[in-house]
Protein chains: 2
Amino acid sequence: MKTGARILVIDDEKSIRRFMDASLTAKGYTVLPAKTAAEGLKVAAEEHPDVILLDLNLPDKDGLAVLKGIRDFSAVPVIILTVKSSDADKELLLDSGADDYLTKPFSLTELLARIRVALRHSVNLREDVAFRHGPLEIDFSTRKVLVGGEEVHLTATEFNLLKALVSHAGKVITQTQLLSEVWGPHAVEQSHYLRIYVSQLRRKLESKSPELQGFIITDPGVGYRARV
Amino acid sequence: MKTGARILVIDDEKSIRRFMDASLTAKGYTVLPAKTAAEGLKVAAEEHPDVILLDLNLPDKDGLAVLKGIRDFSAVPVIILTVKSSDADKELLLDSGADDYLTKPFSLTELLARIRVALRHSVNLREDVAFRHGPLEIDFSTRKVLVGGEEVHLTATEFNLLKALVSHAGKVITQTQLLSEVWGPHAVEQSHYLRIYVSQLRRKLESKSPELQGFIITDPGVGYRARV
DNA sequence: CCGCTTTTTTACGGTTTCTTTACGCTTACT
DNA sequence: AGTAAGCGTAAAGAAACCGTAAAAAAGCGG
């Protein structure tokens with residue numbers, strides 16, 4: 001769903017950058033590393049990352065200055081990482097525009113959860129198009145589907161099926177899985193539902209844009225998948 | 001920046017509520033206290049606070065359920081306060097829609113700073129004071145509705161429903177969301193209210209201007225949305 | 001305490017959506 | 001090539017959902 005968010009990691013310690021890179025990449029994020037305050041600011045301005053992790057102890061400039069520099073041109077969520085933990089420090093940083101503050105040592109689990117919160121915020125501020133493929137745009141929160149900018153009306157069941165397909169986009173989803181996700185576990189035998197609704201979905205999507213021909217692929221005897 | 005923000009404090013311990021009330025009132029906030037999960041949900045739905053402080057150890061319901069209940073109808077920032085601190089707990093809460101997580105004992109300074117961060121987020125999402133679409137004009141501060149320059153009298157419930165619809169204009173709002181927002185979380189099953197009041201709204205608006213036909217769109221099985 | 005407004009309850013006809021049924025087509029295997 | 005299993009599509013029937021009116025109950029101001 002929120003695949004491949006881009007995370008800028010500003011930290012002078014090589015070991016931390018490598019740890020972050022490994023941990024975050026494993027979760028499907030793209031990591032932009034920066035060794036110094038100056039480099040961090042530059043990357044932030046040029047690459048427009050989705051979240052910034054900022055270490056406070058930088059050699060060339062202190063973290064507060066970096067934070068303020070970023071805030072001059074962007075509202076991107078910034079999470080502060082530091083060993084310091086005095087209340088006054090936290091207060092100052094948070095009031096200067098930081099979105100969160102983690103004191104080392106922190107657990108990776110918590111960091112990842114905090115990143116997801118930060119991403120939620122930045123997604124809310126954007127057009128929250130959660131899925132996009134060619135002319136097809138799907139907003140899961142508002143259940144709106146656009147093809148080539150034009151709205152396509154889908155019934156509740158049609159939308160649920162499309163959602164199930166694209167939220168595992170690229171991977172085959174078995175008929176059993178689809179039936180149980182969309183109609184409920186009692187309907188796992190009713191494979192004809194799938195044939196009917198897949199057919200309707202294809203008709204509605206392809207009539208708006210021929211590009212979407214072949215978007216929903218049948219895997220005979222197994223299930224269906226949406227092309228990525 | 002935004003003085004007098006309204007903060008809902010959900011905590012069963014009287015001493016904590018009094019401490020929060022004193023501390024936050026001194027900073028110029030308005031405190032809405034709630035002793036139980038049920039009361040908290042009710043106040044959240046009716047008063048639309050700017051931030052919610054939620055204690056996890058409630059007698060009638062666990063905090064996670066309250067958080068999910070709130071998320072059914074609102075994106076208001078929720079800060080979790082708790083003595084628990086396992087990573088798994090934090091992860092679950094943050095992924096369920098919490099915006100921040102403070103482990104007791106925490107300093108008042110830090111809490112206040114975290115509240116300011118939360119308010120910064122909600123300010124960004126704050127809704128406009130007026131709405132306009134074709135011949136329809138709505139002034140949220142005076143609760144007045146004009147169609148083609150002429151005032152249309154709406155009852156309190158009718159106005160609240162219209163407000164809920166247009167403040168997410170263009171997006172589908174589920175029946176559950178609408179019912180919790182307008183009638184309160186206890187009414188999420190009463191979908192017939194929606195049918196009745198949507199019908200009344202349409203009659204009042206469309207009788208003044210035929211242009212408004214099709215302004216409120218039904219999504220069968222899902223909810224309603226106002227055209228933008 | 002009474003009358004007015006608003007909300008809630010009750011009822012029913014109409015529409016949309018879901019489910020069932022049916023049939024032709026393709027694919028793979030004997 | 002024949003056949004059986006699986007898939008795609010159309011169309012009818014059933015069920016769920018929606019819109020509207022009107023009556024009963026509750027709330028409010030005088």
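Throughout, a chain's letter reflects where its sequence line sits, starting with A, and its residues are numbered from 1. Quick caveat: nothing in here was measured; it's all calculated off a predicted structure.
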If you assign Q190(B) and P220(B) each to the DNA chain C nucleotide with the nearest heavy atom, which residue ends up on the more 5' nucleotide?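 Of the two residues, Q190(B) wins.
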[X] [atom1] to [N] [atom2], straight-line distance once rounded to whole Å:
{"X": "Y193(B)", "N": "dT6(C)", "atom1": "OH", "atom2": "C1'", "value": "12 Å"}
{"X": "D219(B)", "N": "dC18(D)", "atom1": "CG", "atom2": "C1'", "value": "13 Å"}
{"X": "L194(A)", "N": "dA5(D)", "atom1": "CG", "atom2": "C1'", "value": "17 Å"}
{"X": "Q200(A)", "N": "dA10(D)", "atom1": "CD", "atom2": "P", "value": "10 Å"}
{"X": "L178(A)", "N": "dC7(D)", "atom1": "CG", "atom2": "C1'", "value": "15 Å"}
{"X": "Y197(B)", "N": "dA21(D)", "atom1": "OH", "atom2": "P", "value": "15 Å"}
{"X": "R195(A)", "N": "dC25(C)", "atom1": "CZ", "atom2": "P", "value": "16 Å"}
{"X": "L154(B)", "N": "dT6(C)", "atom1": "CG", "atom2": "C1'", "value": "13 Å"}

| message | Around atom NZ of K104(B), are there more than 12 heavy atoms from other residues, nucleotides or ligands closer than 6.0 Å? | response |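 Counting other residues, nucleotides and ligands, NZ of K104(B) exceeds 12 neighbours.
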* To do: For a side-chain contact (heavy atoms from CB on, under 4.5 Å) with L53(B), tell me which candidate from L24(B), I10(B), V78(B) qualifies.
  =>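 With L53(B) as partner, side-chain contact (heavy atoms from CB on, under 4.5 Å) holds for just one option, L24(B).
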Residues touching DNA chain D, which here means a heavy atom under 4.0 Å, drawn from residues 155-162 of chain B: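 Under 4.0 Å from DNA chain D: no residue of residues 155-162 of chain B.
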Run the numbers on V147(B) and L212(B) for side chain to side chain contact (heavy atoms under 4.5 Å, CB included), then give the verdict. CA-CA 9 Å; V147(B) 174; L212(B) 290 176; 4.0 Å; yes
Can you work out whether R203(A) or G221(A) has the more 5'-proximal nearest nucleotide on DNA chain D?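 The residue closer to the strand's 5' end, by nearest nucleotide, is G221(A).
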*Yes or no on side chain to side chain donor-acceptor pair (under 3.5 Å) for S86(B) and D89(B), after CA distance, side-chain angles and deciding distance?*
CA-CA 5 Å; S86(B) 92; D89(B) 285 338; 3.3 Å; yes
Ignoring backbone atoms, establish whether [X] has a side-chain N or O less than 4.0 Å from OP1 or OP2 of [N].
{"X": "Q175(B)", "N": "dC17(D)", "answer": "no"}
{"X": "H153(A)", "N": "dT17(C)", "answer": "yes"}
{"X": "S199(B)", "N": "dT20(D)", "answer": "yes"}
{"X": "T218(B)", "N": "dG19(D)", "answer": "yes"}
{"X": "W183(A)", "N": "dT19(C)", "answer": "yes"}

Which label fits Y193(B) and W183(B): parallel for a plane angle under 30°, tilted from 30 to 60°, or perpendicular past 60°?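 The rings of Y193(B) and W183(B) sit tilted, inter-plane angle from 30° to 60°.
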For this session: Please work out which of the three classes, parallel, tilted or perpendicular, describes the rings of F131(A) and F215(A), given edges at 30° and 60°.
Result: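 Taking F131(A) first and then F215(A), their aromatic rings sit tilted (interplane angle of 30° to 60°).
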Point to revise | Steps toward side chain to side chain contact (heavy atoms under 4.5 Å, CB included) verdict (D99(B), L94(B)) | key: CA-CA 6 Å; D99(B) 290 76; L94(B) 291 172; over 6 Å; no
